[in-house]
Amino acid sequence: MRPKTPELTVDAIIELDDGRIVLIERKNFPSGWAIPGGFVDPGESLAEATRREAMEETGLQVHVRELFHVYSRPWRDPRGDTVSAVYHCTATGEPRGGSDARTARAFAPRTLPEQIAFDHRKILKQFLRWKETGRRPSVEE
């Protein structure tokens with residue numbers, strides 16, 4: 001029997017005009033703060049899914065600027081294997097939690113919360129390094 005194919009997801013690293021990064025506090029397992037995102041629906045492009053998930057979870061209309069990186073390490077999500085296209089996005093306004101987000105908040109890059117779900121701390125660290133140095137993660141990172 002063939003193993004189940006990983007689920008396709010998107011994540012939106014949302015930067016506000018003042019440089020803060022938007023995170024959501026999850027309502028459901030796994031708990032903690034996370035980059036807004038979720039599963040891609042049938043008939044939806046990755047950019048459409050990114051905008052939809054960002055709106056549902058933060059109330060923000062985002063501008064999808066570019067693909068940052070794709071993460072595919074098995075078991076990066078304790079609920080099952082996923083492949084996530086992570087996009088660099090911008091928005092204006094203040095986030096508010098919605099959908100499966102208990103709350104949404106913007107954090108200065110140096111003041112990110114302690115409990116971050118999934119592999120999102122690693123993703124954020126790599127994103128901030130890219131912003132500072134122009135160096136993207138390798139396919140092995």
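The structure presented is a predicted model; accordingly, all values stated were derived computationally and were not measured. The first residue of the sequence shown is numbered 1, and numbering continues consecutively from there.
Atom CG of Leu124 and atom CG of Leu23 lie 6.0 Å apart (nearest 0.5 Å). Atom CZ of Arg105 and atom CD1 of Ile21 lie 13.0 Å apart (nearest 0.5 Å). In this structure, CD in Glu25 is found 4.5 Å from CH2 in Trp33, a value given to the nearest 0.5 Å. Between the CZ atom of Arg26 and the CZ atom of Phe118 there is a distance of 4.0 Å, given to the nearest 0.5 Å. Residue Cys89 holds its SG atom at 12.0 Å from CD of Glu53, rounded to the nearest 0.5 Å.
Between Arg52 and Glu48 there is no salt bridge, since none of the side-chain N atoms of the basic residue sits less than 4.0 Å from a carboxylate O of the acidic one. For Lys27 and Glu57, the salt-bridge test fails: no basic side-chain N is under 4.0 Å from an acidic carboxylate O. The existence of a salt bridge linking Glu56 and Arg96 is excluded, since no basic side-chain nitrogen approaches an acidic carboxylate oxygen closer than 4.0 Å.
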Quiz item: Under the side-chain contact (heavy atoms from CB on, under 4.5 Å) criterion, do Ile35 and Ile14 qualify, and how do the steps go?
Solution: CA-CA 8 Å; Ile35 300 166; Ile14 304 168; over 6 Å; no

Practice problem: Determine, step by step, whether Thr82 and Arg76 satisfy the side chain to side chain donor-acceptor pair (under 3.5 Å) criterion, reporting the C-alpha distance in whole Å, the side-chain angles of both residues, the deciding distance to 0.1 Å, and the verdict. | Solution: CA-CA 7 Å; Thr82 62; Arg76 54 183 296 277; 2.9 Å; yes

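Between Phe68 and Phe127, the angle of the ring planes goes over 60°, which puts this pair in the perpendicular group of the 30/60° scheme. Aromatic ring pairs are classed by plane angle as parallel below 30°, tilted from 30° to 60° and perpendicular above 60°; the pair His69 and Tyr71 is perpendicular.
Under the 4.5 Å side-chain criterion, counting only non-hydrogen atoms from C-beta, Val83 is not in contact with Thr9.
Residue Arg121 comes nearest to Pro113 through the heavy atom pair NH2-O, 2.7 Å, listed as atom of the first residue, atom of the second, then distance.
Remark: side-chain polar atoms of His88 are not paired, donor with acceptor, to backbone N or O of Arg65 under 3.5 angstrom. With hydrogens and angles disregarded, no donor-acceptor distance shorter than 3.5 Å links the side chain of Ser84 to the backbone of Val86.
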